[in-house]
Q: 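Below are the structure tokens for one structure; questions will follow.
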There are 2 protein chains.
Amino acid sequence: MYSDKLRLVYQYPTMSYADIDRIIERHEKVSFKKGDLLLREGQISDCYYILEEGIARSFVHDYEGNDISTNFFCPGEVVIEVASIFHHIPTQENIICITDCVLWKIKIEQFQGLFETIPALAEWGRAWMAYQLLITKKRAIDIISLSAIDRYKQLLAEKPLIFQQAPLKHIATFLGITDTSLSRIRKELVSK
Amino acid sequence: MYSDKLRLVYQYPTMSYADIDRIIERHEKVSFKKGDLLLREGQISDCYYILEEGIARSFVHDYEGNDISTNFFCPGEVVIEVASIFHHIPTQENIICITDCVLWKIKIEQFQGLFETIPALAEWGRAWMAYQLLITKKRAIDIISLSAIDRYKQLLAEKPLIFQQAPLKHIATFLGITDTSLSRIRKELVSK
DNA sequence: GAAGTTACTTGCCTTAAGGCAAGTTTTCAA
DNA sequence: TTGAAAACTTGCCTTAAGGCAAGTAACTTC
């Protein structure tokens with residue numbers, strides 16, 4: 001019943017197979033339809049997901065109310081809103097299914113319990129957070145120092161899957177440009 | 001000998017005074033001169049600091065070798081490179097003292113030890129990381145959705161101290177613009 | 001399978017910010 | 001205290017990306 005994708009997420013040097021078994025059996029398989037929200041702004045998040053199948057997108061509303069994509073999730077990734085879960089505060093993010101999705105869900109109390117009894121999981125969590133921080137910092141630097149066309153190429157190389165599913169306008173806001181500009185960038189790259 | 005600024009950093013709902021005492025007494029007071037590096041790219045970071053006095057700046061080199069500021073540190077802030085410490089990998093960041101600095105230093109092994117015996121410290125650490133992730137995400141969104149002038153105003157409101165100490169060019173790269181543009185923005189705001 | 005919506009492209013023009021270079025001011029070290 | 005370097009400003013021109021609008025294409029949905 002539990003998938004390899006799920007096992008792989010919790011792979012970590014100090015983590016035993018038995019530990020992983022104990023962790024993954026607390027996950028519940030859930031399905032969502034295209035367009036369903038996994039999280040809505042204003043909610044206090046009390047669980048997180050691991051994506052088994054499908055594509056999801058997180059977004060916020062900026063100061064003018066525009067929808068800005070903050071991330072795209074592909075199979076095997078952890079889908080979570082850290083700030084809301086750890087600080088018990090209402091989230092500013094929405095997470096929406098771009099396609100039909102199958103996910104592994106775990107309530108945060110369940111996770112918290114495992115956290116205290118499996119030291120390797122606490123380490124895993126710290127390493128995971130440190131990694132998220134690293135890539136988020138990198139994202140800010142990329143927006144500052146790369147041209148739109150280079151950011152596009154990079155995203156295309158990193159997450160090609162989303163280009164088959166997500167509409168241009170959502171990819172555009174992730175890159176920090178308009179859909180018009182993205183359309184032109186695409187055209188330019190095709191002509192080369 | 002230990003300062004209130006240091007105590008305040010570790011303030012947390014589940015943290016007792018005794019816990020804080022145990023933590024802060026592991027910190028060692030260190031001084032650096034303007035221009036000294038607290039961390040150099042390529043190093044594996046094995047300690048972190050809490051800034052008592054002075055201003056520091058972190059920066060990376062982008063794909064073209066340009067110096068891009070990633071953060072400015074003011075008194076009372078934790079000065080750390082999370083990715084390098086938690087993953088034991090060479091850092092890409094440099095941290096430099098903008099002014100003479102007095103800091104509280106703690107080795108990561110010391111910290112790790114406390115981590116295991118003071119549960120509240122582990123919670124504190126998770127909350128701190130979650131917060132860092134939140135503000136780093138916010139930074140990316142701000143770069144995408146705000147004009148240079150609004151980002152300038154925001155930074156001025158948040159960290160006015162750095163404008164008295166850091167040269168324009170370093171503030172400019174943090175905002176994602178050139179020093180020329182920043183000079184013009186400043187001029188425009190003065191004339192209003 | 002027709003109507004309506006959403007997605008995408010393209011043209012024309014504008015705008016925010018950058019590039020370069022010259023000039024001034026400030027800082028700092030010898 | 002003076003000379004050099006760094007910091008900052010400003011002018012002139014360029015460029016990347018945006019704004020708007022018209023048009024086509026694609027996909028729901030009834």
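Residue numbering restarts at 1 for every chain, and letters A, B, ... go by the order of the sequence lines.
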Q: Excluding sequence neighbours, so at least two apart, what forms salt bridge (charged side-chain N to carboxylate O under 4.0 Å, His left out) with B:Lys105?
A: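 B:Lys105 satisfies salt bridge (charged side-chain N to carboxylate O under 4.0 Å, His left out) with no residue once adjacent residues are dropped.
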
Q: CD1 of B:Ile171 versus C1' of D:dA6: gap in Å, rounded?
A: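 In whole Å, D:dA6 C1' lies 15 Å from B:Ile171 CD1.
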
Q: Whole Å only: how far is the CZ atom of B:Arg186 from the C1' atom of D:dT9?
A: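 Interatomic distance, CZ of B:Arg186 to C1' of D:dT9: 10 Å.
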
Q: Relative to B:Phe174, does B:Arg139 satisfy both conditions: NZ or CZ under 6.0 angstrom from the six-membered ring centre, and within 45 degrees of the ring's axis?
A: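 Here B:Arg139 passes the 6.0 Å and 45° test against B:Phe174.
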
Q: With sequence neighbours excluded, tell me which residues meet side-chain hydrogen bond (donor to acceptor under 3.5 Å, both in side chains) with B:Asp36.
A: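 Here no residue qualifies.
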
Q: Please determine whether a side-chain nitrogen of the Lys or Arg among B:Asp67 and B:Arg57 lies less than 4.0 Å from a carboxylate oxygen of the Asp or Glu.
A: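 Here B:Asp67 pairs with B:Arg57 in a salt bridge, since their nearest N and O are under 4.0 Å apart.
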
Q: In this structure, how many angstroms lie between the P atom of D:dA7 and the CZ atom of B:Phe163, rounded?
A: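 In whole Å, D:dA7 P lies 16 Å from B:Phe163 CZ.
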
Q: D:dA26 P sits how many Å from A:Asp179 CG, rounded?
A: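 Taking CG of A:Asp179 and P of D:dA26, I get 18 Å after rounding.
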
Q: If a protein heavy atom is under 4.0 Å from the base, mark B; if only from the sugar-phosphate, S; if neither, -; do that for nucleotides 16-30 of chain C going 5' to 3'.
A: -SBBB-------S--

Q: Between B:Ser58 and B:Glu81, do the side chains contain an N or O donor and an N or O acceptor separated by less than 3.5 Å?
A: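 Distance-only check fails for B:Ser58 and B:Glu81.
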
Q: Specify the separation, in whole Å, of atom CG of A:Leu168 and atom P of D:dA25.
A: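 For the pair A:Leu168 CG and D:dA25 P, the rounded distance is 17 Å.
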
Q: Does the ring centre of B:His88 sit less than 6.0 Å away from the ring centre of B:Phe86?
A: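 When the ring centroids of B:Phe86 and B:His88 are compared, they turn out to be at least 6.0 Å apart.
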
Q: Determine: side-chain N/O of B:Lys169 to OP1/OP2 of D:dA6, distance under 4.0 Å, yes or no.
A: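 Checking B:Lys169 against D:dA6: no side-chain N or O falls below 4.0 Å of OP1 or OP2.
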
Q: How many Å lie between CG on A:Asp67 and C1' on C:dT6, as a whole number?
A: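 Atom CG in A:Asp67 sits about 14 Å away from atom C1' in C:dT6.
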
Q: Rounded to the nearest Å, what distance is computed from the CD atom of residue A:Gln164 to the P atom of nucleotide D:dA26?
A: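 Atom CD in A:Gln164 sits about 17 Å away from atom P in D:dA26.
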
